[in-house]
Amino acid sequence: MSVSVQREDFDVGLEYARFVAGRTDVGGVALFVGQVRAESGQVAAMTLEHYPGMTERQIDAIAAEARARWALDACRVIHRYGRLVPGDRIVLVMTAASHRQAALESCHFLIDWLKTKAPFWKYEESETGARWVEAKETDDQAAQRWRR
Amino acid sequence: MSVSVQREDFDVGLEYARFVAGRTDVGGVALFVGQVRAESGQVAAMTLEHYPGMTERQIDAIAAEARARWALDACRVIHRYGRLVPGDRIVLVMTAASHRQAALESCHFLIDWLKTKAPFWKYEESETGARWVEAKETDDQAAQRWRR
Amino acid sequence: MKILYFAWLKTKTGLGEEDVPQLPAGVTNVGQLIDWLAGRGGGFAEAFANRGLVRAAVNQDYAQPDTPIRAGDEIAFFPPVTGGVG
Amino acid sequence: MKILYFAWLKTKTGLGEEDVPQLPAGVTNVGQLIDWLAGRGGGFAEAFANRGLVRAAVNQDYAQPDTPIRAGDEIAFFPPVTGGVG
């Protein structure tokens, strides 16, 4: 299990290569890459503020829960902060397991929970001004469906 | 939408880079990489036989269904055939969408259906001999849950 | 009519592919073609002994026993597919 | 006690971080600390005007109004998190 919270971009191919290097026990690797999306040209840039220390702590806790719920061989999360423009990568979640369902479900779980539990706040700049983005009800719902 | 059925390996980083190059409309990319797994040293190698022509046709049909069901920006499937050893990559499924749920769910759908609809047959070599692998009930069930 | 065999159906019949220029008498669908092929005996009888284990395609689409066939078709027989991922 | 403010709570209070050496009189939990901070008036009153919009953490774990606090704790106030993915 490995978590990085960083300003710098990450290389998806390199991260994947390191993740599976020398492993023959892995049957499936699920990856999710979140990117900044230009909504009909509205978002010119966004800045992700985070709470250093708490961010790593919360992501560690979420990753530990994923490992408790699914039989995972490995798990990696990278989350960026700072100013980002459309097309920039924001987050990488990567899970490896013997079976594809475990890899896919845990990856989905991690990204849903990151969205509601990791202390990041999004400040969006657009043509009409800048604002702090409000939390969405739908994200809470997406995370809630993993409750049991 | 792009489908490749090939003997050669693929480069996950390069495929991802090409997939998102110049795009700012994508909010999330989901990837799944299937690899040959050594089950406690049992599988020494496997050979994937396929039905050239029908394979491409069936994967095209599955990808078209994914695009009809989810709002996808792009979709890519690579499936290998031939002799493979533990650690080798077998399949890549990649989906891009504005929203993470669409990317994640369609990727999961594609890999579940590939397993039951794409005409591949697995011949496994192990210490105790070689055999054609029989289809699993659980794969049918995994695919069935996408029926509506 | 081209007939293809995959996986252990290829092993048992000893054939990857064969050409059957005309539809055999009385054969109008996949099920009847299987009866006719099994009637050859030997490896063919063996390959089609348990029909629950045999799947078919007509012109590269999955087919059922009652799927009609014509002289120019490409027919394939194979076991249930077993994909490549765990 | 260290108090941190994030996102628009930082903008409204005008502070990213402050040190409050001792627990104010009568303050033993998060809710009471919010009352005390709001009592400063100005940007602080504004930041805590709608408490439904404010989340808190004590020592980097999510906290509730009745979560107890002590003099050495790190307390943070921020809006509901908004992650980074669509």
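Letters go in sequence order (proteins before strands), and every chain restarts at 1.
Chain A forms more heavy-atom pairs under 4.5 Å with one residue of B/Arg89, B/Arg23, B/Glu15 than with any other, namely B/Arg89. The choice from B/Val12, B/Thr95, B/Val26 that makes the most heavy-atom pairs within less than 4.5 Å of chain A is B/Val26.
For A/Asp88, no part sits under 4.5 Å from any heavy atom of chain B, backbone or side chain. Contacts between B/Val93 and chain A at a heavy-atom distance below 4.5 Å are absent for every atom of the residue. With a 4.5 angstrom heavy-atom cutoff, A/Val85 does not touch chain B via any of its atoms.
A salt bridge does not link A/Glu8 with A/Arg80: every distance from a Lys NZ or Arg NE/NH1/NH2 to an Asp or Glu carboxylate oxygen is 4.0 Å or more. Look at B/Asp25 and A/Arg37 and you find no salt bridge, because none of the NZ, NE, NH1 or NH2 atoms lies under 4.0 Å from a carboxylate O.
Judged by distance alone, the side chains of B/Ser2 and B/Arg76 do bring a donor and an acceptor atom under 3.5 Å apart.
Put simply, the residue from B/Arg100, B/Glu105, B/His108, B/Gln101 that forms a side-chain hydrogen bond (donor to acceptor under 3.5 Å, both in side chains) with A/His108 is B/Gln101.
Proximity of the aromatic rings of B/Phe109 and B/Trp70 is defined here by a centroid distance below 6.0 angstrom, and this criterion is met.
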